[in-house]
Amino acid sequence: MFREAHAVWKDGPYSGKGTVSTPSGVLSNASYVFGLAETTASTTPGEMLAAAVASSMSTMVALKMAKLGAKPSAVNTRAVITVDDSGDRWQLTALRLEITVQTLDPAIACLEEAVTEARRDCPIVSELNLDVTCTANLAPLEISIAA
């Protein structure tokens, strides 16, 4: 299985900008910048990596919970990657994961095991050489009953 993306960068590293596209079309000439994109409508490589981590972990936690017999209705993962730009080069130094699982199942017994296994087996997180901290919580799934 192969996954790919294509990026084009124009001009210098700080004043330039780029576009990134994927064959699926989900990213199609999406604008990205170097460093922080807090004031532009662009993403950054670090933000795209955080998105990859969050989406991969949500999927892996759901998979691990299913294998343990629980049925999550939703797995919400927030991934925060710390980038240290104080030296001669930028480097990723830490990853914080905040995972919330919604389910009707009494899955509290398997949540910790599922998250531990997901962190170990996630194809992205397992390849990053980062200090990883993680919190995981169950959230009740609210059911509305029509009167």
Side-chain angles (χ1 to χ4, degrees), residues 1-9 13 17-87 89-147:
M1 177 183 326
F2 296 96
R3 296 292 181 246
E4 67 180 86
H6 180 251
V8 176
W9 185 263
K17 63 182 178 177
T19 58
V20 62
S21 299
T22 57
S24 68
V26 171
L27 293 176
S28 179
N29 292 316
S31 177
Y32 76 97
V33 296
F34 184 75
L36 305 175
E38 294 160 347
T39 60
T40 67
S42 300
T43 189
T44 65
E47 186 176 69
M48 289 186 280
L49 180 58
V53 167
S55 58
S56 186
M57 279 298 295
S58 284
T59 304
M60 291 301 296
V61 169
L63 174 70
K64 297 301 182 177
M65 288 187 76
K67 286 185 176 184
L68 293 169
K71 296 177 184 169
S73 299
V75 179
N76 180 344
T77 302
R78 179 176 185 237
V80 179
I81 294 177
T82 303
V83 180
D84 181 0
D85 64 347
S86 62
R89 63 186 182 101
W90 290 35
Q91 72 183 70
L92 307 176
T93 58
L95 170 61
R96 186 176 77 240
L97 299 169
E98 299 167 5
I99 301 168
T100 303
V101 176
Q102 290 182 311
T103 182
L104 291 173
D105 286 346
I108 192 71
C110 75
L111 178 62
E112 185 176 333
E113 182 179 354
V115 169
T116 299
E117 289 182 13
R119 282 178 57 183
R120 181 194 67 218
D121 296 344
C122 174
I124 297 172
V125 173
S126 64
E127 292 299 318
L128 297 174
N129 187 22
L130 297 176
D131 177 30
V132 179
T133 57
C134 182
T135 59
N137 299 293
L138 282 176
L141 186 62
E142 296 183 17
I143 300 174
S144 60
I145 301 173

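Residues: numbered from 1 along the sequence shown.
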Nearest 0.5 Å, what's the [atom1]-[atom2] distance between [X] and [Y]?
X      : Y      : atom1 : atom2 : value
Met57  : Leu97  : CE    : CG    : 5.0 Å
Thr82  : Leu95  : OG1   : CG    : 8.0 Å
Cys110 : Lys67  : SG    : NZ    : 13.5 Å
Ile81  : Leu128 : CD1   : CG    : 6.5 Å
Lys64  : Thr59  : NZ    : OG1   : 12.5 Å
Asn29  : Thr22  : CG    : OG1   : 10.0 Å

Would you say the side-chain atoms of [X] pair up with the backbone N or O of [Y], donor to acceptor, closer than 3.5 Å?
X      : Y     : result
Thr103 : Lys71 : yes
Ser55  : Ala52 : yes
Ser58  : Val75 : yes

- request: Please lay out, stage by stage, how Met60 and Arg119 fare under the test side chain to side chain contact (heavy atoms under 4.5 Å, CB included).
  value: CA-CA 8 Å; Met60 291 301 296; Arg119 282 178 57 183; over 6 Å; no

[X] versus [Y]: any side-chain heavy-atom pair under 4.5 Å?
X      : Y      : value
Val61  : Pro72  : no
Leu49  : Leu92  : yes
Val125 : Leu130 : no

- prompt: Can you list the steps and then say if Thr93 with Asp131 is a side chain to side chain contact (heavy atoms under 4.5 Å, CB included)?
  reply: CA-CA 7 Å; Thr93 58; Asp131 177 30; over 6 Å; no

Provide the closest heavy-atom pair for [X] versus [Y] in the form atom of the first, atom of the second, distance.
X      : Y      : result
Ser56  : Pro123 : OG-CD, 3.7 Å
Ala114 : Leu68  : N-CD1, 3.8 Å
Tyr32  : Ser42  : CA-CB, 4.0 Å

query: Step by step, would you call Arg120 with Thr116 a side chain to side chain contact (heavy atoms under 4.5 Å, CB included)?
result: CA-CA 6 Å; Arg120 181 194 67 218; Thr116 299; 5.8 Å; no

task: Applying side chain to side chain contact (heavy atoms under 4.5 Å, CB included), run through Glu98 and Thr100 and close with a yes or a no.
output: CA-CA 7 Å; Glu98 299 167 5; Thr100 303; over 6 Å; no

